[in-house]
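Presented below is the structure to which this report refers.
Note that the numbering runs from 1 along the sequence shown for the chain. In this text, all values refer to a predicted model and were calculated from it rather than measured experimentally. In each ligand, atom 1 is the first atom listed, and ligand 1 is the first ligand listed.
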Amino acid sequence: MNLIIFGPPGAGKGTQSNNIVNDFDLKQVSTGDLLRNEIKLKTDQGKNIESIINNGELVPDNVVNVLIEKIISDPNNFNRLIFDGYPRTISQIYTLERILKKFDQKISKVFSLNVDKDIISKRINGRIICAKCFKIFNVYFNPPNSENHECDKKYLKKRVDDNSKTILGRFETYVIKTSPILDYYKKKGSLCEIDGNQKIDEIYNKIRSILGNIRD
Ligand code: AP5
Ligand code: MG
């Protein structure tokens, strides 16, 4: 099955994708991570992406769509992808549908994590990510310890775009540009809205029970 996980910045898309990957043998595709990898390459395109991300805006559809097509066309990924943070515009939805059709696939379920704005700020401010194993932690809500993290503490880093100014921009971009596209999946009947204000495990239990009933 292919899934989409949708939600504002800091909603828990990456956190829940990590859980799903472990239990359902799927592969996570975070366009944010893919774009951050492009930045590391220090190409002209990477520099352009960096300034867009740091302003909390959306990277142009064509740039993101090329990255996505590469992943879907890989036979190793056939019917086992979780799209985390993609699509974010109606044009990205149409592109995703076109590519999936080309490779004889579809989306089984779209999860949308609904989280209040004040909770989002605290989650993003407290987020730390391991640069080695890529696990996501939170100094307030989910701190790393010897039981949940094996790598050295020196690998734990904050994301460059996790600062108060960019967070506001990211949230605004989500409300104006991305949240309206949820209607598309609502009309299709594939949308499942989840209260993302709850604890990580509570949210995941809901997702897991829904996924357990999907047979494709
Ligand atoms: P992206 O990296 O996708 O950032 P985002 O959408 O802002 O979402 P985040 O990654 O910040 O949050 P998350 O929902 O994954 O939360 P997480 O699980 O980490 O995109 C970055 C940028 O790239 C965009 O701004 C844009 O510029 C560009 N971009 C990306 N995709 C694009 C696209 N398709 N088109 C165009 N441009 C694109 O959790 C956050 C924190 O909260 C963690 O610390 C976690 O431990 C904690 N936490 C999670 N769940 C809970 C919970 N239930 N209770 C308590 N704490 C929790
Ligand atoms: Mg994320």
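Of the candidates Val115, Ile207, Ile5, Asn114, Ile194 forms a side chain to side chain contact (heavy atoms under 4.5 Å, CB included) with just one, namely Ile207. Test Asp23, Asn19, Thr15 against Tyr204 for side-chain hydrogen bond (donor to acceptor under 3.5 Å, both in side chains) and you get one pass: Asp23.
Using a 4.0 Å cut-off between heavy atoms, Lys199 contacts ligand 1 through its backbone alone, with no side-chain atom that close. Counting heavy atoms closer than 4.0 Å to ligand 1, residue Gln198 contributes backbone atoms (N, CA, C, O) but none from C-beta onward. At a 4.0 Å heavy-atom cut-off, ligand 1 touches Phe137 through the backbone alone. Residue-level proximity to ligand 1 for Asp33 is absent, since no heavy atom of it falls below 4.0 angstrom.
At least one N or O atom of Ala11, backbone or side chain, sits closer than 3.5 Å to an N or O atom of ligand 1. An N or O contact shorter than 3.5 Å is missing between Gly126 and ligand 1 by distance. For a threshold of 3.5 Å applied to N or O pairs, the pair formed by Thr15 and ligand 1 contains at least one separation below that value. Close N/O approach between Asn138 and ligand 1 is found [any backbone or side-chain N/O within under 3.5 Å]. Among the atoms of Val64, none of the N or O lies under 3.5 angstrom from an N or O of ligand 1. For Gln16, no nitrogen or oxygen atom sits less than 3.5 Å from a nitrogen or oxygen atom of ligand 1, counting backbone and side chain alike. Taking distance alone, with nitrogen or oxygen atoms compared against 3.5 Å, Gly56 stays at or beyond that limit from ligand 1. Looking at ligand 1, you won't find any N or O of Pro87 less than 3.5 Å from one of its N or O atoms. Inclusion of Asp162 in the set of residues having an N or O under 3.5 Å from an N or O of ligand 1 is not warranted. Distances between N or O atoms of Gly14 and those of ligand 1 include at least one value under 3.5 Å.
Put simply, the side chain of Thr89 reaches to within 4.5 Å of the side chain of Leu58, judged on heavy atoms. Contact check for Lys27 versus Ile82: no side-chain heavy atoms found under the 4.5 Å cut-off. When side chains are defined from C-beta on, Asp195 counts as touching Gln198, because their heavy atoms get closer than 4.5 Å. Leu3 has its side chain out of reach of Phe24: every pair of non-hydrogen atoms, C-beta onward, lies at least 4.5 Å apart. Side-chain contact check for Lys101 versus Lys106: every heavy-atom pair is 4.5 Å or farther apart. Counting only heavy atoms from C-beta outward, the side chains of Arg159 and Ile129 approach each other to under 4.5 Å.
More than 12 heavy atoms of other residues, nucleotides or ligands lie within 6.0 Å of CZ in Phe103, so this atom counts as buried by the packing criterion.
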* Asked: Which is it for Thr166 and Asn163 under the side-chain hydrogen bond (donor to acceptor under 3.5 Å, both in side chains) test, yes or no, and what are the steps along the way?
  -> CA-CA 6 Å; Thr166 309; Asn163 59 73; 2.9 Å; yes

* Run the numbers on Glu50 and Lys40 for salt bridge (Lys or Arg N to Asp or Glu O under 4.0 Å), then give the verdict. => CA-CA 9 Å; Glu50 187 171 26; Lys40 278 191 205 146; over 6 Å; no

* To do: Report the C-alpha distance between Tyr185 and Ile4 in whole Å, list the side-chain angles of each, state the deciding distance to 0.1 Å, and finish with yes or no for side chain to side chain contact (heavy atoms under 4.5 Å, CB included).
  => CA-CA 10 Å; Tyr185 291 109; Ile4 293 175; 3.4 Å; yes

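Remark: ligand 1 atoms within the under-4.0 Å shell around heavy atoms of Phe141 are 55 (C), 56 (N). Atoms of ligand 1 lying under 4.0 Å from any heavy atom of Pro9, numbered from 1 in the order shown and given with element: 5 (P), 7 (O), 8 (O), 12 (O). Of all atoms in ligand 1, numbered sequentially from 1 with element shown, those under 4.0 Å from a heavy atom of Gly85 are 31 (N), 32 (C), 33 (C), 34 (N). Close approach to Ile203 involves these atoms of ligand 1, each under 4.0 Å from a residue heavy atom: 53 (N). Remark: ligand 1 atoms within the under-4.0 Å shell around heavy atoms of Gln92 are 33 (C), 34 (N), 35 (N), 36 (C). Which parts of ligand 1 touch Leu35 is read off a 4.0 Å heavy-atom cut-off, strictly below it: atoms 23 (O), 28 (C), 29 (N), 30 (C), 38 (C).
Judged purely by atom type and a 3.5 angstrom limit, Asn138 uses its side chain to pair as donor or acceptor with the backbone of Arg123. Counting only distance, with no hydrogens or angles, the side chain of Glu202 and the backbone of Lys199 share a donor-acceptor pair below 3.5 Å. Judged by distance alone, with hydrogens and angles left aside, the side-chain atoms of Lys132 form no donor-acceptor pair with the main-chain N or O of Leu156 at under 3.5 Å.
Ranking the protein heavy atoms by distance from atom 10 (O) of ligand 1 puts Arg159 NH1, 2.9 Å first. At the top of the distance list for atom 8 (O) of ligand 1, counting protein heavy atoms only, stands Lys13 NZ, 2.9 Å. Regarding atom 51 (C) of ligand 1, its nearest protein heavy-atom neighbour is Ile200 CG1, 3.3 Å. In terms of protein heavy-atom proximity, atom 12 (O) of ligand 1 is nearest to Gly10 N, 2.8 Å. Scanning all protein heavy atoms for the shortest distance to atom 19 (O) of ligand 1 gives Arg127 NH1, 2.6 Å. At the top of the distance list for atom 31 (N) of ligand 1, counting protein heavy atoms only, stands Thr31 OG1, 2.8 Å. Of all protein heavy atoms, the one lying nearest to atom 43 (C) of ligand 1 is Ile136 CG2, 3.5 Å. Atom 23 (O) of ligand 1 has its closest protein heavy atom at Ile53 CD1, 3.5 Å.
Between the choices Arg88, Glu57, Arg123, the shortest heavy-atom distance to atom 41 (C) of ligand 1 belongs to Arg123. Heavy-atom proximity to atom 21 (C) of ligand 1, evaluated over Arg36, Lys177, Lys122, is greatest for Arg36.
Cation-pi geometry between Lys13 and Phe6 is not met: the NZ or CZ atom fails to fall both under 6.0 Å from the ring centre and inside 45° of the normal.
With respect to Arg170 and Asp162, a salt bridge is recorded, a charged nitrogen being found less than 4.0 Å from a carboxylate O.
Ligand 1 is never approached by Gly7 to a heavy-atom distance shorter than 4.0 Å.
Under the 4.5 Å side-chain heavy-atom criterion for ILVMFWY residues, a single connected hydrophobic cluster contains both Ile99 and Tyr184.
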